[in-house]
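Worksheet: the structure to be examined is printed underneath.
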Amino acid sequence: MTTLNTSIRDAWSDRITSTLRPEDPEWVVSAKREAAELIRSKGLPTRRDEDWRYTDPAPLLEADWRVGVDGPTPPPTEEDIRAFTYWDASAVRVVFLNGRYVPELSVHRTRTDGLSVVPLSEVMAGKHPSVESLVAQQLTADRPAMDLLATGGARDGLVLRLEDGVEVEGPIHVLCLTDASGDDAYIPLFHVFELGGASRLTLVERYANLASSPRSFTNSATDILLGPGACLDHYTLEREAERAIHLGARHVRQEDRSEFRQTTFTIGASLARHDTEVLCDGDETTTSLGALFLGEGTQHIDHRILVHHRGDQSRSEQLFKGILDEGSTGVFNGRVVVDEGTHGNDAQQSNHNLLLSDDATVNTRPQLEIYADDVSCSHGATVGQLDPDSLFYLRTRGIPRGQAESLLTYAFASDVVDRIRIDFIRERVQEFLSTRMEFGNTSEMTQ
Amino acid sequence: MNLLEIKGLEASVGGKPILHGLDLVVPMGEVHAIMGPNGSGKSTLSYVLAGKDGYEVTAGEVLYKGKNLLDLAPEERAAEGLFLAFQYPVAIPGVNNMYFLKAALNAQRKHNGEEELDAVDFMNLLDGKLELVGLDRDLLKRSVNDGFSGGEKKRNEILQMAVLEPTLSILDETDSGLDIDALKVIADGVNSLRAPDRSTLLITHYQRLLDYIVPDRVHVLARGRIIKSGDRHLALELEERGYAWLLEGSETGA
């Protein structure tokens, strides 16, 4: 057992060092070597770790992944990615394929003074000195071993920096695609977003696959730093192919009065794990996390959340909803920590799950750790089927059983869907849900 | 022609017998009232007729338009023109009221081989109905019965009835908990649907509603059976004397 684990951790450590290049600057070399060394010394998670209690990391760690994938030549065209690009309103779109920046498909539609959006690969090549120290600092930040595999192995990702007081009109889209050449490949990505004081931004991260269905392992880490009064509306749409593995970790640090709003839709991958850790460092911060996850087949979808209140007078809320069909499994592992000596924090958490099949499973584990007296916290978790009284009511009005079930399933998801403030994304999500739930036009269904 | 014929109906809920050989005939075009004390089986009868799961028919038959009603799924009964106005309408957060009404009407139209209504035609149809039940158009934008007051929920039931124009309307204590103005609105809604090709079954605890909707026949349901039937004067007599005198009679007769 020990030897097996040792050989696996050594293999991962080697995978990280294999991403080093002769031309890499010193700060990149030292960060990668440090990550590789930490993997060797700290080891990798097993099911005995609390954070991996309901998701066994062994199969994905033991598989024989290749690192570093060459993209197809020629690269995909606008036509190839049309299905994922409905962003007429977007300010900037950045495309990655198999973990590599694709300049041909990345577009800066509007220029905003005080906004830098650059690929990590260019930062590592010394082309953007202004964000080098930011990236170097985040590369060496303390983080769980699984995330170190992402940050240590990454050669690309999005580095975004917004100056104080700048408001970006229209969302920024980050599209991370995998294609057939990503088969059996390990695809690490590292994104860093730093928002200066009182700046505002809407950002969409999307993970998807081109036509084919590669058995790839995407591991993305996203670091988000919000300055005083900064406001980020962040969306993650994850719909990887059915054989794919997706790990995504977000580490957020909030300063005074900043607002972090995140909405996640997890639909794809055979195994999807989404971690969100928010440190409410400042006072009067607002944190709102919402997620909808849909499982079918033998999908396994795990969400782990940590919201840590370290300042005063901050508010956090979590609304996580799962709809699990067939033999799928869902996990909600939501932890809220309120530090001793803090005042006036308000933390609300809810996780509701709908099981559409006898074979579907959900593990829900809300944990509140409150060390302060002056605090308001609540949490609630439910697991259930469609409400029989609501179903009967709809049927007595002539709505056939199947349609009534679809309608109620859709209704269950609606408060997460309604969080989406970007009309065209909300409409696409509604369309997707209505197709998935097998009924027609939903545009009139929500208010 | 009889629209509804119930013969020797026995039904149980959770293994507990509630209806014990109920007989009732509602001819086409008539309004019948069923009155009775609490726990007599009034709501059980309405749920059995609408087809709710868990309401098990153990004996007897129910003919609707001459066909076996009990063979049909709830949605088929609805499509055939049977409507139940619930005593406690359920709130369904996330389902838009307008969408719900349109889906219900179009499901019925589809069943009857009629063309489905588009949004514009539907709104036109709805405007008149809203006025009839005194509901604000804003209520259509909200989720079905979600956050509605008691009176709004009942009016919403009548609105659905007015939109679906059922052949047989069953109103299960629709009058309970309503003030006099709301009661009049409900009565106007029911009266406006009175026609030679429609019937109504009013299930009520009080005589009060029958001042506004004058029934052709009044039946007393007690201990799971119809123990007395008469014209509208029976309702007045019940109001005056209560149910005790009838219950004594039913006991000795049993």
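Just so it is clear: chains get the letters A, B, ... in the order the sequence lines come, proteins before strands, and each one is counted from 1.
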- A:D389 versus chain B, heavy atoms under 4.5 Å apart: side chain, backbone, both or neither? both

- Message: Test side-chain contact (heavy atoms from CB on, under 4.5 Å) on A:L407 and B:I92; report intermediate values, then the result.
- Response: CA-CA 10 Å; A:L407 203 52; B:I92 313 180; over 6 Å; no

- B:E76 and A:R395: CA distance, side-chain angles, deciding distance, salt bridge (Lys or Arg N to Asp or Glu O under 4.0 Å) verdict: CA-CA 8 Å; B:E76 293 170 322; A:R395 294 176 74 197; over 6 Å; no

- Look at B:H111, B:E157, B:Q108 and state which one has the largest set of heavy-atom pairs under 4.5 Å with chain A. B:E157

- Item | Minimum side-chain heavy-atom gap B:V90-A:D387 below 4.5 Å | yes

- OH/B:Y88: more than 12 non-hydrogen atoms of other groups inside 6.0 Å: no

- Message: Does B:N68 have more than 12 heavy atoms from other residues, nucleotides or ligands lying within 6.0 Å of its CG?
- Response: yes

- A:L394/B:V144 under side-chain contact (heavy atoms from CB on, under 4.5 Å): CA gap, chis, key distance, verdict: CA-CA 10 Å; A:L394 295 176; B:V144 177; 5.8 Å; no

- For the residue pair B:A103 and A:Q403, what are the closest heavy atoms and their distance? CB-NE2, 4.0 Å

- Message: Counting neighbours of CZ on A:R239 that are heavy atoms of other residues, nucleotides or ligands and sit closer than 6.0 Å, is the number greater than 12?
- Response: no

- Do other residues, nucleotides or ligands put more than 12 heavy atoms under 6.0 Å from B:E61 CD? yes

- Would you name the heavy atoms of A:R401 and B:E75 that are closest together and state the gap between them? N-OE2, 3.0 Å

- Message: Report which part of B:P166 has an atom under 4.5 Å of a heavy atom belonging to chain A: side chain, backbone, both, or neither.
- Response: neither

- Query: Parallel, tilted or perpendicular for B:Y47 and A:F392, by the 30°/60° rule?
  - Reply: perpendicular

- Shortest non-hydrogen contact from B:A78 to A:T396? CB-O, 3.2 Å

- Task: Against chain A, label B:D146 side chain, backbone, both or neither, depending on which of its atoms sit under 4.5 Å from a heavy atom there.
- Result: neither

- At their closest point, which heavy atom of A:G398 faces which heavy atom of B:A107, and how far apart are they? O-CB, 3.1 Å

- Correct closest heavy-atom pair for B:V95 and A:A411 would be CG2-CB, 3.5 Å

- Message: At a heavy-atom distance under 4.5 Å, which candidate from B:P89, B:A73, B:P74 has the highest pair count against chain A?
- Response: B:P74

